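The structure appears right after this line, and notes come after that.
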Amino acid sequence: ETLDNVKQIHIICRRAIAKLVEIIMQLRTRVSMKMNEQNVLTFEMAENLAMSLLCEYKDGQIIRSQISRQVCNDFAEVLVDEYQDTNTLQDRLLFAVSDDGKKLFMVGDVKQSIYGFRYANPENFLNYKNNLPLYNENECPPGKIILDSNFRSRKGICNYINFAFR
């Protein structure tokens with residue numbers, strides 16, 4: 001193809017993409033209006049609203065809001081199972097309502113993470129696991145407890161799972 005043909009195709013594609021973006025933006029506006037009329041939120045919208053209430057962006061940092069500090073007083077502990085399936089926003093929200101993680105108790109296994117399609121980020125759990133010291137009852141938390149001796153953690157089962165995840 002000649003350079004002129006490529007330029008023509010480029011112009012046609014740019015127009016088509018611009019029209020597609022315009023249609024998508026109109027659809028987004030219509031959907032938002034309809035959702036507002038019916039007082040409906042998606043799960044993602046609810047997460048983002050919670051984030052705007054519990055956290056603020058200041059000097060390049062995400063910090064807890066006054067509301068977050070008040071909410072923390074209502075919780076003695078924040079217990080979360082399957083932490084490997086949290087997304088980054090959920091991790092930040094849980095950190096905010098648990099007094100910067102001081103009241104956070106989590107359980108997880110990155111080899112059981114199945115919600116990647118929902119933006120689950122197993123690194124959330126791994127970051128805690130890799131950076132916390134082992135729990136010591138004579139010291140204040142935080143600390144980690146490795147649950148490696150139960151009926152699902154027999155040597156044969158662990159060897160098979162570790163082999164499957166290589």
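In this text the structure is predicted, and so the values were computed from the model without any measurement.
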Looking at [atom1] of [X] and [atom2] of [Y], how far apart are the two atoms once the value is rounded to the nearest 0.5 Å?
{"X": "Asn87", "Y": "Asn124", "atom1": "CG", "atom2": "CG", "result": "7.5 Å"}
{"X": "Ile9", "Y": "Asp4", "atom1": "CD1", "atom2": "CG", "result": "11.0 Å"}
{"X": "Arg28", "Y": "Ile24", "atom1": "CZ", "atom2": "CD1", "result": "10.5 Å"}
{"X": "Lys129", "Y": "Glu123", "atom1": "NZ", "atom2": "CD", "result": "11.5 Å"}
{"X": "Met33", "Y": "Asn36", "atom1": "CE", "atom2": "CG", "result": "9.0 Å"}
{"X": "Ser98", "Y": "Leu93", "atom1": "OG", "atom2": "CG", "result": "10.5 Å"}

Do the side chain of [X] and the main chain of [Y] share a donor and acceptor less than 3.5 angstrom apart?
{"X": "Lys103", "Y": "Phe75", "result": "yes"}
{"X": "Ser65", "Y": "Leu53", "result": "yes"}
{"X": "Gln84", "Y": "Asp109", "result": "yes"}
{"X": "Ser113", "Y": "Val110", "result": "no"}
{"X": "Arg69", "Y": "Arg64", "result": "yes"}
{"X": "Asp59", "Y": "Gln61", "result": "no"}

If only side-chain N and O atoms count, and only distance matters, is there a donor-acceptor pair under 3.5 Å linking Thr86 with Asp91?
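Note: Asp91 and Thr86 side chains miss the donor-acceptor criterion.
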
Distance-minimising heavy-atom pair for Lys144 and Leu132
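In this case the closest contact between Lys144 and Leu132 is CE-O, 3.1 Å.
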
Heavy-atom closest pair, residues Asp85 and Gln90
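Between these two residues, the closest heavy atoms are O-OE1, 4.0 Å.
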
Decide whether [X] and [Y] are clustered together by the hydrophobic rule: side chain heavy atoms of Ile, Leu, Val, Met, Phe, Trp, Tyr closer than 4.5 Å, transitively.
{"X": "Leu27", "Y": "Leu41", "result": "yes"}
{"X": "Phe105", "Y": "Leu94", "result": "no"}
{"X": "Ile67", "Y": "Tyr57", "result": "yes"}
{"X": "Phe43", "Y": "Leu89", "result": "no"}
{"X": "Val31", "Y": "Leu49", "result": "yes"}

Applying ring-ring contact (aromatic ring centres under 6.0 Å, His included), can you list everything that pairs with Tyr115, at least two apart in sequence or on another chain?
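So Tyr115 forms a ring-ring contact (aromatic ring centres under 6.0 Å, His included) with Phe117.
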
Taking ring-ring contact (aromatic ring centres under 6.0 Å, His included) as the test, write out the residues that go with Tyr83, two or more places apart.
Tyr128

Taking only residues two or more places apart in sequence or in another chain, which ones pass salt bridge (charged side-chain N to carboxylate O under 4.0 Å, His left out) with Lys34?
Glu37

Are side-chain heavy atoms of [X] and [Y] found at a separation under 4.5 Å?
{"X": "Ile146", "Y": "Leu134", "answer": "yes"}
{"X": "Met35", "Y": "Thr42", "answer": "yes"}
{"X": "Leu3", "Y": "Lys7", "answer": "yes"}
{"X": "Arg30", "Y": "Gln26", "answer": "no"}
{"X": "Met51", "Y": "Ile62", "answer": "yes"}
{"X": "Leu54", "Y": "Arg92", "answer": "no"}

Using the side-chain contact (heavy atoms from CB on, under 4.5 Å) rule, take Val40 and Met45 through it: C-alpha gap first, then chi angles, then the decisive distance, then the call.
CA-CA 9 Å; Val40 174; Met45 292 165 80; over 6 Å; no

